[in-house]
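A short worksheet on the structure shown next.
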Amino acid sequence: MTAQPVESTPSLWPAAHAIDARRPRSLQRQLGASDTVCERRAAYILAGTEPTDTSDKRAAILGTYAHEGLLAAAKEEHGWLIETSVVGADVRGHIDAVHIDEVTAARLPKRLRPKSPASVVTVEDVKTKSTYVWDRVLRYGASEAELRQVYLYADLLRTVGWEDKPGQRYLARLGPIDVQAIRFRFVNRDNGEEHIQEFPFDPMEATRARWWVQRVVECADPEEARRSFDGPGLDAICDHCVFRTACWGEPRVPGAPVQTVLVHDDADREAALADYVRGHELETEGKRLKKKARTMLDDSKPGVYGANELKWTGGNPVDEVDQQAMIDRFDALGVDVPELAGPDFKRMEALLKEAGLGVPMRATTKKTARAIKVKPAKQP
Ligand code: SF4
């Protein structure tokens, strides 16, 4: 088989991007619950601001494919109620799955009832994540923005019910739904591992989520809205934000970081310097704490201790080239020992390897560096 030159093989990404741009979610101009990540960005969306930047959406598109596949399988095999929509005055959203209870199911026509009702109405959000952030997911669960997003869905379902639109009118007719629980299902898109986080619906959290949206809606100008992140170069969310130029503008000095626009006068410089000193102090204290804990654990066996798993890497015996045995081997083979101000051991090693012969090694008393590894303990 002849390999094709790379240039003659078109990439699939332009097609994937084109289809993604035509998705209803991409065309939607109303604030979506999933847009409630950054106040400033949400304000741009609400104001109908045209994006000033592009962003690489490949990872997000792959996440969407995995997400759609998993939900379709859950619908097909378990009869899940998936991808229904809710809408309020300021925000709308698509709920991944709603598991209704027996009482609610009884209000639906028989053919539309779920195969196995839940004990309480539960709103479920499926999030696909990469391995890079998996430890954080296991340790901390849903982020603040993810919680806000799901509380907005659940709150709309409790106060308004499902959106009245073709395909889900039978659900809209039920009116407000008594959501009692929230579930996050995290799926590692690199290895398929699943992690569930489930908890009762908290009305205070729902109020907080509503206030967040309200604060953004009340901004007369997006520039009044708070930047929830530290900006390009410091925060990945800003790196991928399509409003980053609108939000930060250009630095006064070409090539300088955009965050320099936050300093207007000496008072700003004073505050930034105070932050720098505080950051340094926190860092020093953090290092001291880690160092002491690491020392205390030095003779502890690997294992799960509470919320964390302790592992050790390294600490293995180190072998070294046995130079005398190497000279003896050359001697036994009748080959001259290469010289370079004495025996050239590097050359001897290379020659043995080239000939497919083993390099004689000997054990030493040295060990490889031992390092501590702490991971969140797996769920039972
Ligand atoms: S660049 Fe960052 S701070 Fe600005 S709107 Fe986008 S996400 Fe928010």
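Start at 1 and go down the list; that is how both ligands and their atoms are numbered.
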Taking E163 as the fixed residue, which of R92, Q168, H94 is the one that meets the side chain to side chain donor-acceptor pair (under 3.5 Å) rule? R92

Show me the side-chain donor-acceptor pairs of residues 233-247 shorter than 3.5 Å, one per line, residues at least two apart or across chains.
| residue | atom | partner | partner atom | Å |
| --- | --- | --- | --- | --- |
| D239 | OD1 | G233 | N | 2.7 |
| H240 | ND1 | A236 | O | 3.0 |
| R244 | NH1 | T54 | O | 3.2 |
| R244 | NH1 | D239 | O | 3.4 |
| R244 | NH1 | C241 | O | 2.8 |
| R244 | NH2 | T54 | O | 3.2 |
| T245 | OG1 | D53 | OD1 | 3.1 |
| T245 | OG1 | D53 | OD2 | 2.6 |

A cation-pi test, strictly: NZ or CZ of R169 under 6.0 Å from the centre of the six-membered ring of W162 and no more than 45 degrees from its axis. Yes or no? no

Check ring pair (Phe, Tyr, Trp, His ring centres under 6.0 Å) between F229 and all other residues, then give those that pass, not counting sequence neighbours. none

Do the side chain of E146 and the main chain of S143 share a donor and acceptor less than 3.5 angstrom apart? yes

Salt bridge (Lys or Arg N to Asp or Glu O under 4.0 Å) contacts in which one or both residues fall within residues 271-290, not counting sequence neighbours: E285-R288

How many protein N, O or S atoms are found at a distance of less than 2.8 Å from atom 4 (Fe) of ligand 1? 1

